[in-house]
Amino acid sequence: MIVGIVGKIAAGKTTVAKFFEEKGFCRVSCSDPLIDLLTHNLNDYSWLPEVPEKGEPTRDRLIEYGKHLKETYGEDILIRLAIDKRRHCKNIVIDGVRSKGEIDAIKKRGGAIIYIEARPEIRYERLKKRSAGKDKVIKSFEDFLDADKAEEELYHTSMLKDLADFLIVNEGTLEDLKKRVKTIITSLTSGKI
């Protein structure tokens, strides 16, 4: 089974994917293949479309390289690479699905999509706490809103909500989120989508 997680910056995609991982799913992010290719960490793949010049995986570089790969190898290239990276797993959760083509690729394989949302103020506070390397260019709420807007213009993330099988509004506690994810996992594993 494949589950794709969609949502805006810092909505809680990775947290939800980690809850799936706790239930036995292999977790992978759509950005993992991009990071692996940019840093030349290639051992987990049975095939590769191309290997770029080695470089730092900043948010801008990931977006630029991801766009290039999709234009060159098809909208589903990151899904194919993510699945290949976890090809030995029975159940896979893919964090950071960002396009209709990626959603279609997951659904074509019998998978399900979860859309996670939260207000910008909540997402910005989460982003500041996680201090991920790819986010280091975001230094203020205005920077965050600019990055959010740029991502929306590039991926049309909000429109992907209509393609989801499940919607999670992630504005409560971690325990609330975990309960919601557990309910979804139960629904998925019992075949009641």
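Because the structure is a prediction, the values reported are computed rather than measured.
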_Sidechain N-carboxylate O distance under 4.0 Å for E151, R98_ = yes
*Please determine if E117 and K8 form a salt bridge, counting it only when a charged side-chain N lies under 4.0 Å from a carboxylate O.*
no
*Search all heavy atoms of V93 against all heavy atoms of A17 and return the closest pair with its distance.*
CG1-O, 3.7 Å
*asked:* For a quick test of reading the model, state the closest non-hydrogen atom pair linking G4 to I106 and the distance between them.
replied: CA-CD1, 3.7 Å
_E121 vs E125 side-chain heavy atoms within contact, under 4.5 Å_ = no
*Quick one: pull up CG in D32 and CG in L62 and give me the separation to the nearest 0.5 Å.*
10.0 Å
*Might you point out which heavy atoms bring Y115 and A164 nearest each other, and give the distance in Å?*
CB-CB, 3.6 Å
*Find the distance between NE2 (H68) and CD1 (I63) and round it off to the nearest 0.5 Å.*
16.0 Å
*Within the side chain of R126, is there an N or O that forms a donor-acceptor pair under 3.5 Å with the backbone of A11?*
yes
*Yes or no on side-chain contact (heavy atoms from CB on, under 4.5 Å) for I113 and L163, after CA distance, side-chain angles and deciding distance?*
CA-CA 8 Å; I113 302 296; L163 303 174; 5.9 Å; no
*Which heavy atom of C26 sits nearest a heavy atom of R86, and at what distance?*
CB-CD, 3.8 Å
*Atom pair CE (M1) and CG (N91), whose distance is rounded to the nearest 0.5 Å*: 6.0 Å
*Can you run down the salt bridge (charged side-chain N to carboxylate O under 4.0 Å, His left out) pairs that involve residues 18-30, sequence neighbours left out, and say none if there aren't any?*
E21-R27, E22-K178
*asked:* Could you go through E152 and K149, starting from their C-alpha distance and side-chain angles, then the distance that decides it, and tell me whether this counts as salt bridge (Lys or Arg N to Asp or Glu O under 4.0 Å)?
replied: CA-CA 5 Å; E152 180 65 28; K149 181 180 176 191; over 6 Å; no
*Single-linkage hydrophobic cluster L34~L81, side-chain heavy atoms < 4.5 angstrom*: yes
*Tell me, do I184 and I168 make a side-chain contact under 4.5 Å, heavy atoms counted?*
yes
*Are R61 and E56 ion-paired here, with the side-chain N under 4.0 Å from a carboxylate O?*
no
_Using the side-chain hydrogen bond (donor to acceptor under 3.5 Å, both in side chains) definition, which of the options K100, K108, K107 pairs with D104?_
K100
_Derivation and outcome, side-chain contact (heavy atoms from CB on, under 4.5 Å), residues L127 and R130_ = CA-CA 5 Å; L127 181 127; R130 77 181 183 192; 3.8 Å; yes
*Quick one: does S190's side chain have a donor or acceptor within less than 3.5 Å of a partner on S187's backbone?*
yes
_Tell me whether V97 shares a hydrophobic cluster with I116, the cluster being built from Ile, Leu, Val, Met, Phe, Trp, Tyr side chains joined at under 4.5 Å._
no
*Is any side-chain heavy atom of Y65 less than 4.5 Å from a side-chain heavy atom of D60?*
no
_Let's go through D176 and T173 carefully: what are the C-alpha distance in whole Å and the side-chain angles of both, what is the deciding distance for side-chain contact (heavy atoms from CB on, under 4.5 Å) to 0.1 Å, and is it a yes or a no?_
CA-CA 5 Å; D176 293 337; T173 66; 3.1 Å; yes
_Worked verdict on I94 versus V3 for side-chain contact (heavy atoms from CB on, under 4.5 Å)_ = CA-CA 6 Å; I94 304 175; V3 177; over 6 Å; no
*Which distance, rounded to the nearest 0.5 Å, do you find between the OG1 of T183 and the CZ of F166?*
10.0 Å
*Spell out, as yes or no, whether a donor-acceptor pair under 3.5 Å connects the side chain of E102 to the backbone of L78.*
no
*Grab the two heavy atoms, one from A118 and one from N170, that are nearest each other, plus how far apart they are.*
CB-O, 3.4 Å
*Going by heavy atoms in the side chains, are C89 and F25 under 4.5 Å from each other?*
no
_Once rounded to the nearest 0.5 Å, what's the spacing between atom CD of E64 and atom CG of L38?_
9.0 Å
*Give a yes or no on whether a salt bridge exists between D76 and R80, defined as a side-chain N under 4.0 angstrom from a carboxylate O.*
yes
*Do the side chains of T39 and P57 get nearer than 4.5 Å, heavy atoms only?*
yes
_So that I can tick it off, tell me whether R87 and D84 are bridged by a salt bridge, with the cut-off set at under 4.0 angstrom between side-chain N and carboxylate O._
yes
*Is there a side-chain contact between T14 and I5 (heavy atoms, below 4.5 Å)?*
no
*Applying the 4.5 Å side-chain criterion to the ILVMFWY set and letting contacts propagate, would Y155 and I9 be lumped into a single cluster?*
no
*asked:* Looking at every non-hydrogen atom in both residues, tell me the closest pair between C30 and G96 and how far apart they are.
replied: CB-O, 3.4 Å
_For residues 34-48, which residue pairs pass the salt bridge (charged side-chain N to carboxylate O under 4.0 Å, His left out) check, not counting sequence neighbours?_
D36-K85, D44-K85
*Any chance you could pull the hydrophobic cluster mates of V169, using side-chain heavy atoms under 4.5 angstrom and chaining through other members?*
none
*Describe, in one word, how the ring planes of F144 and Y124 are oriented to each other, choosing from parallel (under 30°), tilted (30 to 60°) and perpendicular (over 60°).*
tilted
*Flag yes if L42 and I35 sit in one hydrophobic cluster, no otherwise; membership is Ile, Leu, Val, Met, Phe, Trp, Tyr, and two members link when side-chain heavy atoms are under 4.5 Å apart.*
yes
*asked:* For the CE atom of M159 and the OG atom of S99, what is their distance to the nearest 0.5 Å?
replied: 12.0 Å
*asked:* Starting from F19, can I reach L188 by hopping between I/L/V/M/F/W/Y residues whose side chains sit under 4.5 Å apart?
replied: yes
